[in-house]
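Position 1 is the first residue of the sequence; numbering continues from there. Note: hydrogens, waters and symmetry copies are ignored here, and every other heavy atom, side chains too, is used.
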Amino acid sequence: MAVAASLPPPPAAAPAPHAWYERLGLLLESTGEGIFGIDLDGACVFINQAGTRLLGFDTPQQVLGLNMHDLTHHSDASGHPYPVDRCPIFNAFRQGLPCRIDTEVFWRRDGSAFPVEYTSYPIQDGTLIRGAVITFVDITARKQAEAALHDAKAQLEARVRERTAELQTALQQLRELAIHSERVREEERTRIAREIHDELGSLLVALKMDVNWMDKRLSEQGARQPDEAERMRERLRCKCQNMSRLIESAVDNVGRLINDLRPSILDHQGLWAALEWQAQEFAATAELALDWSMDVATEADPPEAAAMAVFRIFQEMLSNVGRHAQARTLQVRIGFGDAGLHLQVRDDGRGADPRVFESPQAYGILGMRERARHLGGRLFLHSAPGQGCTLTLEVPAAALRPSASTEADA
């Protein structure tokens with residue numbers, strides 16, 4: 001019985017021609033980046049849907065065969081022509097130089113441009129270069145973000161420079177204010193020393209001479225006749241009365257010096273009474289008509305440091321009126337409630353341009369503002385030539401009310 005010969009298996013089916021093109025096409029369409037290829041003349045040989053859409057076309061067939069440099073890369077961002085011999089895309093196959101660029105634009109079908117990041121690589125067939133493949137993405141959002149970041153950085157740098165300049169100016173003003181304050185303190189020390197020397201010193205010398213005279217006369221009293229002794233006693237009595245007047249004058253001078261350094265009324269009767277006393281004293285000395293109004297109800301006096309700061313600011317306000325205003329009437333309004341302290345001094349004097357008060361040499365204003373700032377308050381100024389000047393101090397109530405611990409201790 002014959003055995004049938006085994007037959008070889010049928011050959012496998014050969015791949016269909018150009019099947020790899022289909023797989024390549026599927027790959028190109030699956031990416032969101034625009035991709036196109038060009039031949040050595042710059043004509044488009046393929047382009048995916050993403051690239052077609054980014055360039056403003058409906059189908060790839062509308063682009064195929066067109067010169068891509070003339071179509072989408074013909075000008076720079078400013079609209080000036082982009083010579084093809086400088087085009088990095090064409091250099092990919094002309095000079096074999098791959099590139100990656102993110103500083104240029106592509107042009108759409110409608111003539112609008114958009115910033116792109118693109119890469120261009122030569123297509124090689126063995127040792128031959130057949131063209132180039134280009135991938136590109138629209139980076140408009142990235143450029144906008146970079147521009148916004150650049151603008152924000154520029155604004156921040158400008159603000160930093162501005163604030164630095166302001167801080168330097170403020171620091172310089174504080175230095176000048178400190179120098180001015182020290183000069184004022186030194187002048188005040190000199191004035192007080194001169195008054196002590198000229199007035200108290202002379203009074204003490206006169207008292208010493210009177211005491212020596214009395215001592216000498218008393219030591220001679222026993223050798224005098226009764227009528228002479230009686231006359232000497234009368235002279236001694238007159239000398240004692242004169243010495244008493246000298247002592248009273250010395251006491252008055254000491255009190256005045258102490259009052260200049262720190263008004264005793266501030267300690268004995270509180271801030272509100274001290275403000276009224278200071279206004280009345282100033283108006284009488286400067287011969288001004290005083291329009292006074294104060295509404296503090298039954299508010300307790302502020303803590304010592306705050307009271308002294310408010311009093312010194314008020315003194316400086318009045319001092320400005322006396323030195324510069326040439327006013328006839330002085331209006332003072334003081335109120336203290338839940339919103340805090342409102343203290344206003346207004347004169348009908350000659351006034352000045354507000355810029356004068358902002359000068360670095362306006363030490364009085366600078367000093368008042370610094371004191372107000374330490375209290376957490378603010379100083380406002382309004383003035384114009386021929387319209388007088390208004391200074392207003394506002395301090396929050398919390399800075400002027402005794403703390404709970406202070407009240408408990410009391």
Side-chain angles (χ1 to χ4, degrees), residues 170 173-174 177-178 180-181 184-185 188 258-286 288 290-323 325 330-347 357-358 362-383 388-410:
Q173 289 179 342
L174 286 176
L177 179 61
H180 173 74
S181 299
V184 169
R185 283 194 293 268
E188 188 68 10
I258 292 174
N259 201 55
D260 287 344
L261 294 174
R262 181 184 176 91
S264 59
I265 190 173
L266 194 61
D267 295 321
H268 298 153
Q269 300 185 42
L271 173 64
W272 315 121
L275 293 176
E276 183 172 5
W277 167 81
Q278 184 67 66
Q280 298 288 352
E281 284 287 311
F282 175 79
T285 302
L288 297 176
L290 177 62
D291 179 5
W292 170 267
S293 174
M294 181 167 64
D295 181 14
V296 296
T298 57
E299 290 289 349
D301 278 314
E304 180 180 355
M308 178 56 71
V310 171
F311 184 78
R312 292 306 186 196
I313 292 173
F314 185 62
Q315 278 187 318
E316 185 62 31
M317 288 178 172
L318 298 180
S319 177
N320 278 340
V321 175
R323 289 198 304 266
L330 177 68
Q331 183 187 85
V332 179
R333 297 287 183 266
I334 301 175
F336 186 37
D338 293 337
L341 172 68
H342 180 87
L343 189 158
Q344 185 179 88
V345 173
R346 176 182 297 171
D347 66 71
F357 300 96
E358 302 301 326
Y363 298 115
I365 300 298
L366 287 173
M368 286 189 286
R369 282 178 172 158
E370 284 302 310
R371 288 183 186 273
R373 189 176 294 113
H374 290 160
L375 290 172
R378 294 182 296 174
L379 182 78
F380 301 95
L381 186 148
H382 177 74
S383 182
C389 179
T390 301
L391 284 167
T392 304
L393 172 67
E394 292 185 355
V395 181
L400 298 178
R401 287 200 170 110
S403 63
S405 59
T406 304
E407 292 176 353
D409 294 339

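H342 meets the side-chain contact (heavy atoms from CB on, under 4.5 Å) test with Q344, T392, E394; sequence neighbours excluded. Every residue meeting the side-chain hydrogen bond (donor to acceptor under 3.5 Å, both in side chains) condition with R369, not counting sequence neighbours, appears here in chain and number order: E358.
Rounded to the nearest 0.5 Å, atoms CD (Q280) and CH2 (W292) are 7.5 Å apart. Put simply, CG on L341 and CG on L375 are 9.0 Å apart, with the number rounded to the nearest 0.5 Å. Taking SG from C389 and CE from M317, the interatomic distance works out to 9.5 Å, rounded to the nearest 0.5 Å. In this structure, CZ in F282 is found 10.0 Å from CG in L290, a value given to the nearest 0.5 Å. How far CG of L271 is from CD of E276: 11.5 Å, rounded to the nearest 0.5 Å. Atom-to-atom distance recorded for F311:CZ and Q315:CD is 4.0 Å, nearest 0.5 angstrom.
With a 4.5 Å cut-off on side-chain heavy atoms, V310 and L400 count as touching. Taking 4.5 Å as the limit, some side-chain heavy atom of P302 sits within range of a side-chain heavy atom of W272. Between Q331 and D347, the closest side-chain pair of non-hydrogen atoms is not below 4.5 Å. The closest side-chain heavy-atom distance from V395 to L343 is not below 4.5 Å. Inter-residue side-chain proximity for V321 and E316 is flagged as unmet; no heavy-atom pair is nearer than 4.5 Å. Looking only at side-chain heavy atoms (C-beta outward), V332 and R346 stay at 4.5 Å or farther from each other. The shortest distance between side-chain heavy atoms of T390 and F380 does not fall below 4.5 Å. Looking at I365 and M368, their side chains come closer than 4.5 Å, going by heavy atoms from C-beta outward.
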Check against side chain to side chain contact (heavy atoms under 4.5 Å, CB included), L330 and L318 = CA-CA 9 Å; L330 177 68; L318 298 180; 3.7 Å; yes
Dump the intermediate steps for salt bridge (charged side-chain N to carboxylate O under 4.0 Å, His left out) on D291 and R333, then the final yes or no.
-> CA-CA 8 Å; D291 179 5; R333 297 287 183 266; 2.9 Å; yes
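For T285 (side chain) and E281 (main-chain N/O), a donor-acceptor pair under 3.5 Å exists by modelled atom type.
A pairwise comparison of heavy atoms in A306 and A399 identifies CB-O, 3.6 Å as the closest pair. Between A309 and R371 the shortest heavy-atom distance is O-CD, 4.1 Å. Across all non-hydrogen atoms, the minimal contact from S383 to G388 is OG-O, 3.0 Å. Taking each heavy atom of P396 and G376 in turn, the nearest pair found is CD-O, 3.3 Å.
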